[in-house]
Asker: 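Pasting a structure below so you can have a look.
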Amino acid sequence: MKPDKTIAENKWVTGAEALVQCLIAEGVSVLFGYPGGAIMPVYDALITCGRSLNHILVRHEQGAIHAAQGYARASRKTGVVLVTSGPGAANLVTGLADALIDSTPVVCITGQVAEHLLGTDAFQEMDVINTTLPVTKWNVQITRAEDIPAQVAKAFYIARSGRPGPVVIDLTKNAQTEKIPPFQYRTCTQIRTYRPKPLLNHALIEQAAELINQARRPYLLCGQGVLLSNASEPLMALAEKAHIPVACTLLGLSAVPVNHPCYVGYLGMHGNYGPNVLTNACDVLIAIGMRFDDRVTGNVSKYARQAKVIHIDIDKSELNKIVRAEVAIHADAQEAIQALLPLIKQNNHDDWFRMFREADKLEKEKVLNEETDDRNELHMIDVIRELSEQTRGNAILVTDVGQHQMVASRYFRFTEPYSYITSGGAGTMGFALPAAMGAKLARPDKTVIAVAGDGGFQMTLQELGTLVQHNIPVKIVILNNSFLGMVRQWQQLFFDSRYSFTELVNPDFVALTSAYGIEARKVSQPNELAGAIACMLQSEKPFLLDVVVQREENVFPMVPSGAGVSEILLEPPRVNMIQQPQPSKT
């Protein structure tokens with residue numbers, strides 16, 4: 001992309017202008033931000049030399065970083081955020097933590113007071129470097145304008161390479177206003193002490209292939225690393241050739257189409273029954289691009305003890321961290337799978353697949369039929385199924401965190417990679433609306449649907465203003481049960497139905513949304529649902545659907561805290577599984 005003002009002109013530029021030119025040279029076309037005093041020179045430079053950049057003015061800095069995350073995950077590019085110092089930078093911390101644990105490449109540029117004021121508690125000064133150190137892949141403070149080009153290049157390289165993650169550039173005000181001579185921007189392609197892509201150990205690949213070829217019950221777990229390395233097709237080729245059941249983690253969903261013959265379901269605390277319980281029946285467990293999160297393993301002492309584990313991950317620190325592997329392969333997922341494929345023999349595991357089908361039948365009998373039994377009220381599953389059917393699974397689904405997230409993960413029939421965006425490791429409520437904005441800007445050709453609970457939606461609902469100002473036609477579906485649903489479910493099942501501060505008194509979401517000038521409808525009856533969703537999907541503008549669902553509906557299956565995956569529940573436990581302390585006898 002050609003800059004509006006070429007860097008090669010024989011005139012000196014300010015640090016702020018240099019920063020804008022660097023962003024353009026990196027191929028940035030969209031950035032999300034909120035101006036303030038310490039970043040004002042950069043905002044001024046956006047007018048003079050950044051007209052090819054589409055700046056999205058959010059209503060809160062947390063909205064900016066979640067939008068950048070959604071943009072990054074839908075576009076497979078690096079999201080960019082621009083905010084001021086002090087509270088502006090502090091408001092990014094939740095999103096930085098979310099991006100770090102979920103491996104999302106984001107470059108956040110924060111304004112900072114002038115260098116001579118650092119450490120004086122100046123107005124809106126904050127130690128951004130030490131504050132963000134635990135929640136970034138890398139951060140740097142720039143105090144001289146001449147350092148901007150090289151540090152920006154380094155930041156983008158670190159954010160997108162290896163296991164991706166967030167980077168913070170803290171830019172002092174004097175560095176923004178100082179002038180530097182003409183420069184030639186050079187993208188960064190290597191750093192001497194940083195090895196983002198490991199060399200593949202072919203001996204380990206051979207060991208893995210031998211285990212897979214000898215296995216009677218092999219099982220393949222697909223994580224987000226498969227998507228990040230663009231390895232969906234080779235993964236499916238591997239599964240087809242060796243006839244291996246494939247299950248996806250929360251962030252791995254959409255890497256394998258739901259209708260693929262080897263796909264058996266979704267892993268995790270509220271995942272499908274078979275994929276969870278049969279983890280403890282496989283003889284070889286092949287984990288690719290996933291980190292054995294506690295939501296997948298449950299009680300790790302009871303997890304896959306009988307299996308020989310093959311673990312492939314680009315982050316060496318994840319290998320043998322939670323689950324000991326027979327073969328631990330430090331590698332890019334696509335490179336490792338491509339190396340495995342020619343060594344894998346054609347095979348047939350019909351008997352093994354039959355066990356998954358029997359587990360599906362039991363789940364349908366115990367869970368699915370129960371969830372759809374009452375036709376007088378809407379259930380969460382009704383909404384997700386209708387969305388899936390009307391979009392034919394050909395939409396980008398962005399979810400918030402809670403019961404609706406688990407239902408969406410189980411029942412939306414994903415057909416394409418990169419079509420599911422959610423907050424995984426951090427579990428950030430308020431994620432869906434701003435992330436959906438970013439996803440829609442990244443993929444204007446796709447229908448983008450934000451699915452949120454009534455609690456999470458209210459954490460970032462101010463971004464409705466951003467949708468209107470920038471005409472971003474996101475579709476929003478609130479599954480409204482007037483509760484913090486997931487917490488309430490735990491309180492009901494494990495705390496004797498003591499609902500401690502989980503019931504919500506909500507606003508009129510339709511009236512609230514209409515005040516922003518966005519069309520909205522409320523649905524409370526099953527016979528209204530299909531028509532309302534059709535109306536929403538046909539709209540070319542932002543649209544909100546407030547769907548009133550059963551108030552105390554629970555999500556099953558469920559692996560209780562402290563239980564193993566084989567102890568997954570298909571229905572409520574008969575006794576309180578969390579033992580409350582008893583008063584001592586005197």
Side-chain angles (χ1 to χ4, degrees), residues 13-24 26 28 30-50 53-68 78-96 99 106-133 135-156 158-159 166-180 434 466:
V13 296
T14 66
E17 291 171 331
L19 173 66
V20 172
Q21 297 285 15
C22 292
L23 294 178
I24 295 170
E26 278 288 350
V28 175
V30 179
L31 66 159
F32 305 89
Y34 203 97
I39 199 67
M40 207 173 292
V42 175
Y43 271 87
D44 187 64
L46 287 173
I47 294 177
T48 59
C49 59
L53 295 172
N54 181 17
H55 178 277
I56 304 300
L57 176 62
V58 297
R59 297 304 185 265
H60 191 282
E61 290 87 356
Q62 184 178 348
I65 188 164
H66 290 332
T78 302
V80 180
V81 176
L82 185 64
V83 299
T84 194
S85 63
N91 285 338
L92 297 180
V93 171
T94 296
L96 289 170
V106 178
V107 171
C108 296
I109 301 155
T110 61
Q112 183 57 276
V113 300
E115 182 181 16
H116 73 278
L117 292 174
L118 291 173
T120 68
D121 293 331
F123 178 66
Q124 291 193 335
E125 181 197 359
M126 187 184 80
D127 186 348
V128 171
I129 296 302
N130 282 311
T131 298
T132 64
L133 187 65
V135 290
T136 51
K137 188 177 177 185
W138 183 69
N139 63 15
V140 64
Q141 186 175 79
I142 301 176
T143 59
R144 299 185 306 171
E146 64 191 63
D147 295 332
I148 289 173
Q151 298 289 32
V152 169
K154 187 176 180 181
F156 274 87
I158 291 173
V167 168
V168 165
I169 299 172
D170 192 42
L171 189 60
T172 61
K173 198 165 185 179
N174 64 288
Q176 299 172 48
T177 56
E178 291 169 2
K179 288 198 170 183
I180 59 174
T466 308

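Heavy-atom basis, side chains included; hydrogens, waters and symmetry copies ignored. Count residues from 1 along the sequence.
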Asker: Is there a side-chain contact between Val152 and Ile109 (heavy atoms, below 4.5 Å)?
Answerer: no

Asker: Nearest 0.5 Å, what's the CG-CG distance between Leu19 and Leu46?
Answerer: 8.5 Å

Asker: Look up atom CG in Leu118 and atom CD in Gln141, then write down how far apart they are to the nearest 0.5 Å.
Answerer: 5.0 Å

Asker: For Gly63 and Pro434, work out which heavy atoms get closest and say how close.
Answerer: O-CB, 3.4 Å

Asker: List the residues meeting side chain to side chain contact (heavy atoms under 4.5 Å, CB included) with Ala90, not counting sequence neighbours, and say none if there are none.
Answerer: Met126

Asker: What verdict does the side chain to side chain contact (heavy atoms under 4.5 Å, CB included) test give for Val13 and Ile180, after you've listed the backbone C-alpha separation in whole Å, the side-chain angles of each residue and the deciding distance to 0.1 Å?
Answerer: CA-CA 6 Å; Val13 296; Ile180 59 174; 3.9 Å; yes

Asker: Excluding sequence neighbours, so at least two apart, what forms ring pair (Phe, Tyr, Trp, His ring centres under 6.0 Å) with His55?
Answerer: Tyr43

Asker: Applying ring pair (Phe, Tyr, Trp, His ring centres under 6.0 Å), can you list everything that pairs with Tyr34, at least two apart in sequence or on another chain?
Answerer: none

Asker: Can you spot which of Val168, Leu96, Ile158 makes a side chain to side chain contact (heavy atoms under 4.5 Å, CB included) with Asn139?
Answerer: Val168

Asker: Could you name each residue pair satisfying side-chain hydrogen bond (donor to acceptor under 3.5 Å, both in side chains) that touches residues 108-126, not counting sequence neighbours?
Answerer: Thr110-Asp170, Gln112-Asp170

Asker: How far apart are the closest heavy atoms of Cys49 and Ile24, and which atoms are they?
Answerer: O-CD1, 3.5 Å

Asker: Measuring only between side-chain heavy atoms, which start at C-beta, is Val28 closer than 4.5 Å to Phe156?
Answerer: yes

Asker: Which pair of non-hydrogen atoms, one from Val107 and one from Ile169, has the smallest distance, and what is that distance?
Answerer: CG1-CD1, 4.1 Å

Asker: Compare every heavy atom of Gly37 with every heavy atom of Thr84, then report the nearest pair and how far apart it is.
Answerer: OG1-N, 3.7 Å

Asker: Considering non-hydrogen atoms only, spot the tightest contact between Thr131 and Val135 and give its length.
Answerer: O-CG2, 4.4 Å

Asker: Look at the side chain of Gln176 and the backbone N and O of Ala38, then say whether any donor-acceptor pair between them is shorter than 3.5 Å.
Answerer: yes

Asker: Rounded to the nearest 0.5 Å, what separates atom OG1 in Thr132 from atom CG in Leu92?
Answerer: 9.0 Å

Asker: Only counting residues at least two apart or in another chain, list the ones meeting salt bridge (charged side-chain N to carboxylate O under 4.0 Å, His left out) with Asp147.
Answerer: Arg144

Asker: Please list all pairs passing the side-chain hydrogen bond (donor to acceptor under 3.5 Å, both in side chains) test where one or both residues lie in residues 86-95, with sequence neighbours left out.
Answerer: Glu61-Asn91

Asker: Dump the intermediate steps for side chain to side chain contact (heavy atoms under 4.5 Å, CB included) on Ile39 and Val83, then the final yes or no.
Answerer: CA-CA 7 Å; Ile39 199 67; Val83 299; over 6 Å; no

Asker: Whether the side chain of Thr172 engages the backbone of Ile142 through a donor-acceptor N/O pair (distance < 3.5 Å, no angle test) should be reported.
Answerer: yes

Asker: How far apart are the closest heavy atoms of Ile65 and Cys108, and which atoms are they?
Answerer: CD1-SG, 3.7 Å

Asker: With rounding to the nearest 0.5 Å, note down the distance linking CG in Leu82 to CG in Leu57.
Answerer: 11.0 Å

